[in-house]
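Quick note: residue numbers are just sequence positions, from 1. Side chains included, hydrogens not; waters and symmetry mates left out as well; all remaining heavy atoms used.
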Amino acid sequence: MHGHRTLPAHVSASLGHAAPLYSSLAALSCATEPTRADSSISSSRSRVRVSLAALPAPPAPPAHHTTHPRASRIPAVPSDPWLVQEDGAGQISLPCHAHSPSPAPAPQLLPPPLAQPLLCLCYLLPPRALPCRAGVDGSARLVARALARVLSSRSLAGAVKAVGAGRFSRARVVVVLLLLRLMSMGHCSEQRPGFEVTKDWNGADQVAIRSPRGASVRVCLHGGQVVSWRNDRGEELLFTSSKAIFKPPRATRGGIPICFPQFGNCGTLEQHGFARNKIWTIDEEAPPLNYGDNNNNKASVDLLLKPSEDDLKCWPHCFELRLRVSLSMDGDLSLISRVRNVNGKPFSFAFAYHTYLSVSDISEVRIEGLETLDYLDNLSQRERFTEQGDAITFESEVDRVYVGSPGVIAVLDHEKKRTFIVRKEGLPDIVVWNPWEKKSKTMADFGDDEYKQMLCVDAAAVERAITLKPGEEWTGKLELSAVPSTNCSDHLDHPGRL
Ligand SMILES: O=P(O)(O)OC[C@H]1O[C@@H](O)[C@H](O)[C@@H](O)[C@@H]1O
């Protein structure tokens, strides 16, 4: 049976904003050449073969697994968010099946006079102009060409002939092409690859992003908290306590809790503010970032927190707190937070990425980049001291706010021969915390000896509150890389690379 076909969700995701175009073309194809859409077609000239034939349907998702509306546009195979696969012989597989929570909408037929230039467009768009993941690895053009072939013919000329009878001057085709290209380029910088949404222990949504090389990050909507960051060998880079309590409204001991709008107990709110205890939402409509964040080669998810009625009672300021969590191809993790004042009057806040780094043994760890800085010692009523010359090492409890710190610091784990490079923007301070033995024993959600395996190094704005006037927005960025210690000097030599 041959009816109008929509593109599989996999393919739609890879085509991004261009997907409706291809769907329409697919519909046209089915209308004109019904037998071809379900069969494998080979082009001996191009050696491109596209198989739209039935592939095994993916297994039904487990009961605890939901697919977010946006995630329905991403591959069913979560380990491949970059989607389009291409083998050495130039073969592209476009699986027909992808589970989608809602029935696919019926495609709209394009009138041939419109379809003709659009088909040309499929052929002519350069990869970068396609606002999609496939564009990142350069295979969008191949997909477009292959699709066009499946739709109608083996060559552009044949395809155009098969699709429409209308005649267009070259100039008109070029104008349409340029317009569409401009439109797609506008979306290009903000287009983000997909992610997978599952449930955590408490039924709260959790977002997973995976890079093709195997690195991954998981973010919990409870707290907007990154709870796991793994490198491409699958090694966990963030610490989470074995005694962590994963139950809202308690903050989870580990990962990267967001401290907002208060840091510590310096204010009237609960310790570290309420953001880490709230349920965030996935932000489908995140506005573009004001400054350049090169999202190519990154997969990301945008989260949003707005104050509830209860929040407004204890902190009467209307805000929007956005968090973009991105994972690069290399496995670097970046967090970009934006706080917008949607209030009628100014407000001030503190902020910190309370980052629990996983270390081999705290006695083997040192921090470079904070030497000679002033710090406020939380263990001495925030008295101000100056760090003396050397890299910071650990022999007892530490709870300090290093003020006016540089944009890049390094945390070296001697035993693991691993260095965390911490880059930050918009966050002048670095908080360093390790509870050590005695305090560990007083913490219900922390193992007695776990202080040896963690070190909190928080990019933060603590000493001086950030003030926003009505309508103003603040941005604070953290980027984390974990590199072999032998390579870390490269990173430290380029402090401006954020
Ligand atoms: O137990 P919490 O609220 O997660 O805070 C842990 C620590 O977080 C650190 O950032 C603070 O500097 C410490 O003072 C605090 O003890």
Side-chain angles (χ1 to χ4, degrees), residues 68 195-210 215-230 236-264 269-283 286 299-308 311 319-327 332-339 349-358 420 422 424 427 431 433 443-446 450 454-461 476-480:
H68 189 270
F195 49 81
E196 182 199 13
V197 182
T198 53
K199 296 282 182 201
D200 70 7
W201 301 264
N202 297 299
D205 280 346
Q206 195 175 83
V207 176
I209 306 174
R210 291 176 179 84
S216 65
V217 60
R218 278 191 292 123
V219 194
C220 213
L221 294 201
H222 167 214
Q225 182 165 339
V226 172
V227 290
S228 167
W229 170 41
R230 288 179 188 270
E236 180 59 63
L237 301 168
L238 298 176
F239 167 87
T240 297
S241 170
S242 59
K243 293 197 170 174
I245 298 163
F246 300 96
K247 210 165 182 61
R250 281 194 78 126
T252 304
R253 177 78 60 202
I256 311 182
I258 302 287
C259 304
F260 171 88
Q262 173 180 307
F263 184 79
L269 301 176
E270 63 206 84
Q271 163 100 342
H272 288 331
F274 49 72
R276 64 177 179 163
N277 298 325
K278 299 295 173 189
I279 302 294
W280 296 45
T281 55
I282 293 174
D283 190 5
S300 57
V301 61
D302 286 288
L303 304 185
L304 173 63
L305 180 69
K306 291 181 181 181
S308 66
D311 298 335
F319 66 88
E320 289 171 354
L321 168 53
R322 290 194 159 77
L323 173 67
R324 175 172 296 176
V325 179
S326 307
L327 186 67
D332 294 347
L333 172 65
S334 84
L335 282 77
I336 302 178
S337 289
R338 291 178 276 176
V339 178
F349 62 91
F351 188 96
Y353 293 111
H354 190 14
T355 308
Y356 286 78
L357 298 175
S358 169
F420 291 101
V422 180
K424 60 184 178 65
L427 295 157
V431 181
W433 179 63
M443 293 157 62
D445 58 350
F446 195 76
E450 286 185 330
M454 55 73 66
L455 177 64
C456 277
V457 179
D458 312 351
K477 179 171 179 178
L478 166 68
E479 190 176 281
L480 294 173

One should read off an interatomic distance between Met454 CE and Arg253 CZ, to the nearest 0.5 angstrom, of 8.0 Å
Quick one: sort the Tyr356 and Phe239 rings into parallel, tilted or perpendicular, breaks at 30° and 60°. parallel
Roughly how far apart are Leu333 CG and Phe420 CZ, rounded to 0.5 Å? 11.0 Å
Heavy-atom closest contact (Leu327 atom, Ser216 atom, distance): CD2-CA, 3.7 Å
Checking the side chain of Trp280 only, and the main-chain atoms of Ala275 only, is there a donor and an acceptor separated by less than 3.5 Å? yes
Lys243 side chain near Met443 side chain, heavy-atom distance below 4.5 Å: no
If we only count heavy atoms from C-beta on, is the Ile256 to Leu480 side-chain gap below 4.5 Å? yes
Could you measure the distance from the CG atom of Asp458 to the CG atom of Leu357? Nearest 0.5 Å is fine. 9.0 Å
Within this structure, what is the CG-CD1 distance for the pair Leu478 and Ile336, rounded to the nearest 0.5 Å? 10.0 Å
Working note: Arg250 + His222, criterion side chain to side chain contact (heavy atoms under 4.5 Å, CB included); need CA distance, chi angles, decisive distance, verdict. CA-CA 9 Å; Arg250 281 194 78 126; His222 167 214; 5.7 Å; no
Are the side chain of His354 and the backbone of Val431 linked by a donor-acceptor contact shorter than 3.5 Å? no
Over all heavy atoms of both residues, which pair between Thr198 and Glu196 is shortest? Give the atoms and the distance, please. CG2-OE2, 3.8 Å
Backbone N or O of Ser241 within a donor-acceptor pair of the Glu450 side chain at under 3.5 Å? no
Closest heavy-atom contact between Val325 and Ile209? O-CD1, 3.7 Å
With a 3.5 Å distance limit and no angle check, can you tell me whether Gln225 reaches the backbone of Thr252 through a side-chain donor-acceptor pair? yes
Residues passing the side chain to side chain contact (heavy atoms under 4.5 Å, CB included) test with Ala350, sequence neighbours excluded, are Phe263
On a heavy-atom basis, the closest approach of Arg276 and Ile258 is CB-O, 3.3 Å
Hey, does Ile282 have a side-chain heavy atom less than 4.5 Å from the side chain of Leu303? yes
Could you check whether the rings of Phe274 and Phe260 sit parallel, tilted or perpendicular, using 30° and 60° as the cut-offs? perpendicular
Would Leu237 and Ser358 count as a side chain to side chain contact (heavy atoms under 4.5 Å, CB included) if you check the C-alpha gap in whole Å, the side-chain angles of each, and the deciding distance to 0.1 Å? CA-CA 5 Å; Leu237 301 168; Ser358 169; 5.7 Å; no
Shortest non-hydrogen contact between Ala251 and Asp445, atoms and distance: O-OD2, 4.4 Å
Strictly distance-based, threshold 3.5 Å: is any side-chain N or O of Gln262 a donor or acceptor partner for the main-chain N or O of Gly264? yes
Between CD of Glu479 and CG of Leu335, what distance do you get to the nearest 0.5 Å? 10.0 Å
I want to check something: taking the side chain as every heavy atom from C-beta on, are Val457 and Thr355 in contact at a cut-off of under 4.5 Å? no
Distance in Å, Phe319 CZ paired with Lys306 NZ, rounded so as to fall on 0.5 Å steps: 10.5 Å
Can you name the residues that form a salt bridge (charged side-chain N to carboxylate O under 4.0 Å, His left out) with Glu236, not counting sequence neighbours? Arg230
Residue list, salt bridge (charged side-chain N to carboxylate O under 4.0 Å, His left out) with Arg218, at least two apart or on another chain: none
Would you check if Leu323 and Tyr353 make a side-chain contact, meaning some heavy-atom pair closer than 4.5 Å? yes
Full working for side chain to side chain contact (heavy atoms under 4.5 Å, CB included) between Arg338 and Glu320: CA-CA 8 Å; Arg338 291 178 276 176; Glu320 289 171 354; over 6 Å; no
Do you know which two heavy atoms are closest between Thr240 and Val227, and how far apart they sit? OG1-O, 3.7 Å
